[in-house]
Structure formats: C-alpha cells, structure tokens
Amino acid sequence: MSKQLSSGVAHLLKKAKVPVFNGYGKLDGTQANGRRKVLVSQDGAAPTTLTAQHVILATGARARVLPGLEPDGKLIWSYKEALVPEDMPKRLVVIGSGAIGTEFASFYRNMGADVTLVEVAQRILPVEDEEISQLARKAFEKQGIRILTGAQVGTLQKTATEVHIPVTLGDKTETLVADRVISAVGIVGNVENIGLEGTKIQVDRTHVVTDSLCRTGEPGVYAIGDLAGAPWLAHKASHEAVMCVEAIAGKTVHPIDPTKVPGCTYCRPQIASVGYTEAKAKEAGYKVRVGRFPLIANGKALAMGEPDGLIKTVFDAQTGELLGAHMIGAEVTEMIQGYVIARTGELTEAELAETIFPHPTISESMHEAVLAAYDGALHF
Amino acid sequence: MTASVPASAPATTPQVARPTNRIVASPLARRIAASKGVDLASIKGTGPHGRIVKRDVEAAESKASASLPSHAQAAAPVSGGGSRSVPHTTMRKVIARRLSESKATIPHFYVSMDVELDALIALRAQLNALSSDEGQDSFKLSVNDMLIKAAALALKQVPEVNASFTEDAMILHDDADISVAVSLDDGLITPIVRAAERKSLKQISQEAKSLVSRARAGKLKPEEFQGGTFSISNMGMFGVKEFAAIVNPPQAAILAIAAGKRQPVVSGDEIRIATVMTVTLSVDHRAVDGATAAKWLSAFRSIVQSPLALVL
C-alpha cells in the first residue's frame, strides 16, 4: 500500500514535469548571479551541481538516540524497525509515550504482545489534555498494557535474545525483561551534511530556525516539515510546503498557527486534538468554559461497541472562541477536522451550537460537547 | 451688532447615513470588536480574501489603546470623577466611519472667501412679500434656500466641481444635487435637493422644509439622503465666524457657510457697512485644483451679490 502511494507521488511529479535527482543534496554557496548551488551526490559518483533561485530544505527528522538506549535494529528498535518487524515479539517494552510510542504500544498489544509502556513524565501522552491522558491510560490498562509513568530508564543490558531494562520509579528499581524494546524518545532534525555550516542558517536543538513563512537566515533558502520544528506532523509539513512555494510565487499566504494544527494519535481508542488544552488555556490567561460529552451517551458509539471515550471542548469564556478540542474514542481522528474548521474559520460557540450534526453519528457528541460548555447538553 | 443669517437647515458637518457596506469578518472577530468597541469598518482584514480575523481586531485595538491613552482611561476611570459609556447609535457609527474615511483618504484643501449678503437679503424680503399669507402657495424663503440655489448655479458655471473622483476616471455630474446638512439630536443627516439649478426658489424652499422636518422625524427614504453631488453645511444661526467642513465622499467639495455679520467694508476709497459672511469650500484635491475652487467661489459670490440670477 505504501509502495502504491509513493509510486503515485512519483507519477504526479512526472506528470508535473518535475525532474527528480536522487541522492544526497548539500548547499554549496552561491553563483555570481546570486543563484544557489546544490550538490547532489550518489554512490560516490561525482556530484551533480544544480542551481536555483530558491532552495527548500526538507530533510525531515529521525529518531532521537539516548545513550544506553541506542537502537540496534535487532533487539532495540526505533520506529523504523518497529514498522517492519520480522517477527512478533512476545514481550515488548516501549520507552516514551508520545504519539509514536503510544501508537506502537497500542498496536503491538492489539497484536497480542505483552506490552509495557514506560514514560518519564507523570502521565502518558504528556502534550494531550490531562483528562484525555487519564482516559487513555485507563483504556490501555483495561486492554492489558502495563503503564509506568514517572519512570527513569537505566542502561539496557542485552543478551542474545532479550533485553533487561532497569526502571526506577521513585525509590524502587525494577528490571523489565523484553524480547524487543522500542525507543520512542523523540526525534531530531536531519541538519547534518546538508551544507548549513558557515551559512547564516541558524540551528536550534537540531532544527532549522525559520520565520512564519519558512524562511531561514539565508535569503532564498527555506526549511519545512520536521526539519523546521514542531509540531512534527506530516500534514503540517505538507501545508508548509504549499505555503512556502506559494509565497515564493508571490501569492498571498497565511502563516501556520500551530494552535490550528490538529494532532492525531492512531492508537485504540483513537486520540485527536487541536488548540489549547484546558491547562494551557488557563496558563495563557484565558478564563475558560469547558464542555464534556462522554461517548457512552452516544447511540452510534454504543452501537459500534465502542462506548469508551470523551469529547472535550475548551472555550474562551469572554469571546466564545473555541480555544481547543480534545477527543478520545472511536473515529475521533476522522472527526477532529470539524473543530479545526471552527478554529480556522474563527467560529464561536454560537455558530457551532447552531450547526446541525447528522444523526446517528458519533459526531453528534461534538455538538453536545459544545452545548455542554454552555450548560446546554441535551443528552447527558 | 451681529446679524445672524436665518437658515432653514441648521447643521454641522454633513453626513450621509448610508447603510453600511457588507463587512467580511469572522464571527469571532465580530464578537471581539463589539466587546472592545472596535469599528470593523476601520480595519483592513488580513485573512483569506481580506476577511477580518481575530488578529486584525486585536492589532487595531492595541494600536488604538496605544495611541489614545484617554481611551483606556475612559474605559476604566481611575479618579473618582466618574464617567459613563454611552453605546453608539448606528448613525454615530456611520458618522464616525464615513468621516474618518473621508479625512484619511481624501486630500483636503480649503479656500475661503467673504461674500456680501445685503442684495440677497433685500431680494429675499421682496420675494417673501409676494407670498400669500397661507395655503399651498405660501412660502417663506430662507437665506439658506437661496444659497442652495446659488451653489447649484455656480456648479453649472464651474462644472468641474460637480464631480466625483474615482481611481479610473473623473465622474462629472449633470445635475447639481445639493446635500444639505441637517443636525439631529443624535447626529446629522444630509437630505438632498435634487437638480437644484432647475428648481425655483419656492420649490427649493418647500422641498427643503419638507426634507428637514422629515429628517428630524427620522422619516427620510434612503434615496432622499443617498447620492448628492455637492454639500452645504450652514452654521450661520450659531453665529460662527468661519469653519471648514469635511468632504462628503464621493462628492468633491462641500461649502461651509458661517454667520453673516454687519461689518465695515472698504470699497474704492470709501468705507461702507455691509452684511458679510465667510464661506469656506473644502475640496478633494484629487478632483479639483486650487484655481478651479477659487473660480467656483468667485462664481458663487457673484451670484449671491447680484442675486437676480436666482429668480431667472
């Protein structure tokens, strides 16, 4: 499937008459006429020199490597190996409970592995709203995932077939034993060997510093996607690509507001969110109105046998702005766009309340969660 | 010593109360603007297709509070003196928006001239004496009625002033549709005497009277105060010495009429007494240049000082 999609992209590029040079690209100064030079090398052959007025860097990111936790591709995986396992581990330890770690923990548990999810922070999915984190933990534990939070991981000991993982929780240390370990402790930008040295392009903690229009410190050089900073999401990268090229083409563009970028975690139950969490909204000084609607009160969710879940809305009490929305449950990654549109179009609770949601769908809960914020939920 | 010129249309600065144009703004931007008292019409939108979005309102608001320290003070009085906030009427909002727009976008200049009124006042007395005492045919011309006609005739003589500037072309109007500024309790409005150059003084007088009374009663139809090719604002009855009005877009000029006052006038080597008023023409310089404005004022003065043309 992945192959089909990527050959589809290759076809689109061909159709659009975009020449593709495979190889390692590297910035190489400018020509006399101000055009930038990019060297493309492959397989040790003499590099090809390309020149262009504008160069967009999109080298992405890779898994962060922590000392003592280096992926070896055999017993210790990064997300890359975890995507294409040769065999199914019986006992799996996932270190890190961000979106990537949580997705793999959920997936492998659903495939039947004994999974332990280890997180250094006090809760899993630490960037999500706290209530959602709690509900996710409850749901995962119900499915049999063991979750250790506030946990420090020591140096891993490997045997031929298993890994021993010392984990410290408060003053107690326990050694977990696993067939495989997935290290999901974040990502780092691919900023090396692309010719940034000696340029005015700034790098901050492995990511290229850009302005709101993806421009770097070097005129004519842009950076997008994971290389250019959070949120590390494909749809954000894709939107940046379009915006960056449109800006170069002289069109009027609108910079990306990270609080309008949806975040989705494809675990079971699914998690999706946009904008401020309740805590972040309060931290930012908003007086908030919060609405909640549990999926157990939704007919479609019940009929699907997926009654566990919650839709939560956070509104600015003063202006009615939808500051954030947080969802956990069936199909929520398919539904979050409704709230993203509301945020992007700057709708208030009034327009959302007046919107008619179809029955019977899970999305009705999104309506109810809006009404609930204004004390008007109908079915709960 | 002061002989105020009577006028039927007391007024200050003119204003056409047009229905507001559709403003494209997000619901959130509208709500924030309403709560912070920011006028959306004064904001340039930076959203898709120029839509006004939250950041535009917030930027406008922070700019307004930065440049107007008194604004913040008014919103939250610090001393015990007290203040209260009176919500704007729609008319007040339109006035604020249209005049800000005019002053901000139209390069104004002003030309003043003294005009003797004695001949016109004498003619007025003669004409009014012809009126029957009552009934449909009765009339009582005001000086303002005669100045409306004088302005209309001057516009026929110098038609470049009866114009509207647009980006692509100058629009030259055939009729002299005179907007007459009328003050109301809560603002002002400019009902229009259409094609005043072709109407008799009696017609103008009766029409102006009806427009003014219906304006004060709030019963004007939109077409009676929308449009117009030239404005007159008369503050003579308040005894003002002179003033300059703000151009009423899309018109090119507005005439500000001050009080007529008996004063010494040097003519030849003689000093005589005459009733003199100072009129000031405010002009959109994009449409009308200085010499043309002066030419128009001269024409206006000639008609007022030799007013028989008004009854031709």
Side-chain angles (χ1 to χ4, degrees), chain A residues 211-213 239 242-243 246-247 249-261 274-276 281 284-289 291 313-325 337-356 367 370-371 373-374, chain B residues 20-69 71-78 83-88 90 93 96-97 105 167:
Chain A
D211 67 5
S212 63
L213 296 178
H239 194 91
V242 172
M243 181 191 71
E246 286 189 343
K251 290 196 179 177
T252 305
V253 297
H254 299 95
I256 292 175
D257 174 353
T259 72
K260 291 173 183 157
V261 179
V274 65
Y276 293 82
Y286 289 105
K287 206 172 152 276
V288 299
R289 290 191 83 123
T313 57
V314 181
F315 285 92
D316 179 351
Q318 225 162 14
T319 63
E321 176 179 3
L322 177 66
L323 293 171
Q337 43 76 16
Y339 287 138
V340 180
I341 292 169
R343 253 191 88 60
T344 304
E346 296 193 348
L347 307 186
T348 69
E349 92 291 344
E351 290 77 34
L352 287 168
E354 282 179 20
T355 301
I356 298 170
H367 192 218
V370 170
L371 300 180
Y374 288 81
Chain B
T20 45
N21 290 327
R22 187 172 132 71
I23 291 168
V24 183
S26 77
L28 182 60
R30 284 179 194 280
R31 194 178 280 177
I32 296 172
S35 74
K36 308 238 172 175
V38 175
D39 180 13
L40 285 174
S42 66
I43 298 179
K44 197 175 170 310
T46 64
H49 303 291
R51 187 182 195 226
I52 299 170
V53 293
K54 176 187 170 191
R55 63 170 173 269
D56 303 322
V57 178
E58 287 179 340
E61 206 244 339
S62 67
K63 215 162 77 187
S65 48
S67 64
L68 290 174
H71 177 268
Q73 215 176 345
V78 264
S83 59
R84 64 206 171 92
S85 94
V86 181
H88 293 314
T90 304
K93 286 184 197 160
R97 178 172 61 81
T105 61
E167 286 305 325

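As a basis for the values below, the full set of heavy atoms in this structure was taken, side chains included, without hydrogen atoms, waters or symmetry mates. Naming convention: chains lettered A, B, ... in sequence-line order (proteins, then strands); numbering from 1 in each chain.
Residue A/Val370 comes nearest to A/Ala353 through the heavy atom pair CG1-N, 4.2 Å, listed as atom of the first residue, atom of the second, then distance. When all heavy atoms of A/Ala281 and A/Leu323 are compared, the closest pair comes out as CB-CD1, 4.0 Å. Residues B/Ala60 and B/Val38 approach most closely at CB-CG1, 4.2 Å, considering heavy atoms.
If you measure heavy-atom distances from B/Ala29 to chain A, the contacts under 4.5 Å come from both the backbone and the side chain.
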*Give the C-alpha distance, both sets of side-chain angles, the deciding distance and a yes or no for side-chain contact (heavy atoms from CB on, under 4.5 Å) between B/Ile52 and B/Val57.*
CA-CA 7 Å; B/Ile52 299 170; B/Val57 178; 3.9 Å; yes
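A side chain to side chain contact (heavy atoms under 4.5 Å, CB included) with A/Leu322 is found for one member of A/Val340, A/Leu347, A/Leu352 and no other, namely A/Leu352.
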Please report all inter-chain donor-acceptor pairs (under 3.5 Å) between chain A and chain B, with distances to 0.1 Å.
from	atom 1	to	atom 2	distance (Å)
A/His254	NE2	B/Thr46	O	2.9
A/His254	NE2	B/Gly47	O	3.4
A/Thr319	O	B/Arg31	NH1	3.0
A/Glu321	OE1	B/Lys54	NZ	2.7
A/Glu321	OE2	B/Lys54	NZ	3.3
A/Gly345	O	B/Arg51	NH1	3.2
A/Gly345	O	B/Arg51	NH2	3.2
A/Glu346	O	B/Leu28	N	3.0
A/Glu346	OE1	B/Ser26	OG	2.5
A/Glu346	OE1	B/Lys54	N	2.7
A/Glu346	OE2	B/Lys54	N	3.0
A/Thr348	OG1	B/Arg31	NH2	3.2
A/Glu349	OE1	B/Arg31	NH1	2.7
A/Glu349	OE2	B/Arg31	NH1	3.4
A/Glu349	OE2	B/Arg31	NH2	3.3

